[in-house]
Amino acid sequence: MPTVGWIHEGIIDRFWESQPKSTLDAHPEPIYVCNCCGKEFFSSEELKLHYNLEHPLELPAIYINGQPLMRESTLRSALRVSDVEVVQCEACHVRPDGGAWETLTVPDFRKRLVEPDNSTWTVRLVHKREVDQARTEEEYHIRFRIPQPTALNAVDALFIGSLVVDELRHSHLQSYEAGLPAEAPVKEYGSALGDYALGIILKERRNPTHAPVGFEEFAVKMRSALEVLRLFHRPVALAVSGSIRFNLNDFSAGAPPTTPDLAIGLNFFKGVCHAGQQDLACLVLQDPSKRANSAVCPVDETTARILAACRSLDTESGLSLTELEALRQLTRGTAPVSEQDLAKIHVICAEGYLRLGFKNDALPHLHAIRFDPMLKQWAHCRLEEYSNHDS
Ligand SMILES: [Zn+2]
């Protein structure tokens with residue numbers, strides 16, 4: 001089983017200390033985005049004024065770090081009172097864990113909302129509209145699943161120890177899951193990492209699965225893992241999230257930093273999907289020690305080959321004909337290759353052959369992706385260059 005990573009074995013302690021800053025530290029001055037019209041404001045006062053003027057009939061709303069909170073939400077990182085804003089609201093009714101209702105003022109509600117770390121709240125915000133004196137209400141269901149950093153460190157170490165291994169198997173996953181702590185906040189984080197590993201096992205099909213789980217189920221597992229992991233700015237979570245985005249062909253802008261190998265791959269395909277757009281590049285997690293790489297995240301064999309090809313295309317020498325032929329075989333083989341990987345391989349083969357001047361070899365790969373919503377523009381540009389050169 002190939003792996004990706006960037007830390008040196010034996011410096012695990014320093015590794016945890018080198019965690020990227022949390023999103024909280026990263027946004028001391030959030031930008032407030034109106035949930036009605038999308039306009040942006042630099043302070044909550046401006047947002048509230050804007051509500052009064054432009055959306056007086058709208059329902060009350062909670063904002064966290066400037067972003068409107070969804071009515072069904074899970075909070076996974078610790079908040080400060082200043083991270084919480086409430087608009088169009090005079091009174092808050094909260095019901096923690098199905099218990100009794102409590103009525104709070106808005107200032108008290110903001111203070112209380114930052115306290116729980118393992119709880120589920122029903123919240124009703126009440127607003128009396130000045131326009132027509134009507135009483136309006138909005139209800140939220142908020143799950144607090146905020147793990148302690150030490151508990152997260154322990155799960156990351158368990159993940160690296162149990163699942164960043166050669167030939168990942170169901171038995172590895174079982175012993176990993178048996179070692180997960182019972183508390184819901186950290187367990188949900190650990191289960192998400194486990195779901196990613198299961199996604200890889202499903203892709204690899206190294207040993208026959210007992211249950212009739214389809215190959216394409218890997219994407220379902222990875223997607224649900226990303227829903228949780230994207231909320232954690234920690235090295236292992238960022239590495240795994242980067243791998244999931246690469247597996248699912250999510251080359252959107254604004255992705256958080258990830259490991260060097262994955263960043264090269266993601267950036268190559270961002271360049272293909274968003275040609276001409278600037279500042280899309282994915283940042284690279286840096287190991288402050290600058291020592292040799294060590295694994296933090298397993299990847300499946302096909303992904304490892306695609307990443308290696310992206311690294312080669314990142315250099316001047318590019319891919320050799322032999323390497324391209326080996327990749328081309330993946331598109332014709334009997335082993336299952338995901339539709340996402342197939343699309344990436346076609347891009348790499350087309351690019352590789354074109355760079356070597358073998359246009360006829362590039363052509364079938366360009367044709368294969370010319371209807372892909374994300375890649376068709378790139379394929380058409382390349383096909384046009386091809387026909388211009390021909391004529
Ligand atoms: Zn607005």
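Just so you know, ligand 1 is whichever comes first in the structure, and atom 1 is the first atom listed for that ligand. For clarity, every value in this text was computed on a predicted model and none was experimentally measured. If you read the sequence from its start, that first residue is 1, and numbering goes on from there.
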Can you label the angle between the Y51 ring and the H55 ring as parallel, tilted or perpendicular, going by 30° and 60°?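 Y51 vs H55 ring planes: perpendicular.
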
Check the angle between the aromatic planes of H346 and H365 and answer parallel, tilted or perpendicular using the 30° and 60° thresholds.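 Plane angle between 30° and 60°, so tilted.
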
Strictly distance-based, threshold 3.5 Å: is any side-chain N or O of R71 a donor or acceptor partner for the main-chain N or O of E139?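 Yes, R71 side chain to E139 backbone: donor-acceptor pair under 3.5 Å.
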
Could you tell me whether a side-chain N or O of K344 sits under 3.5 Å from a main-chain N or O of F246, the two making a donor and an acceptor?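 Side chain of K344 to backbone of F246: a pair is present.
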
Can the ring centres of F251 and H274 be said to be less than 6.0 Å apart?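 No, the ring of F251 stays outside the 6.0 Å limit from the ring of H274, centre to centre.
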
Is there a donor-acceptor contact under 3.5 Å linking the side chains of D83 and Y63?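 Distance-only check fails for D83 and Y63.
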
What protein N/O/S atoms lie closer than 2.8 Å to the Zn ion (ligand 1)?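 You should have found C34 SG, C37 SG, H50 NE2, H55 NE2.
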
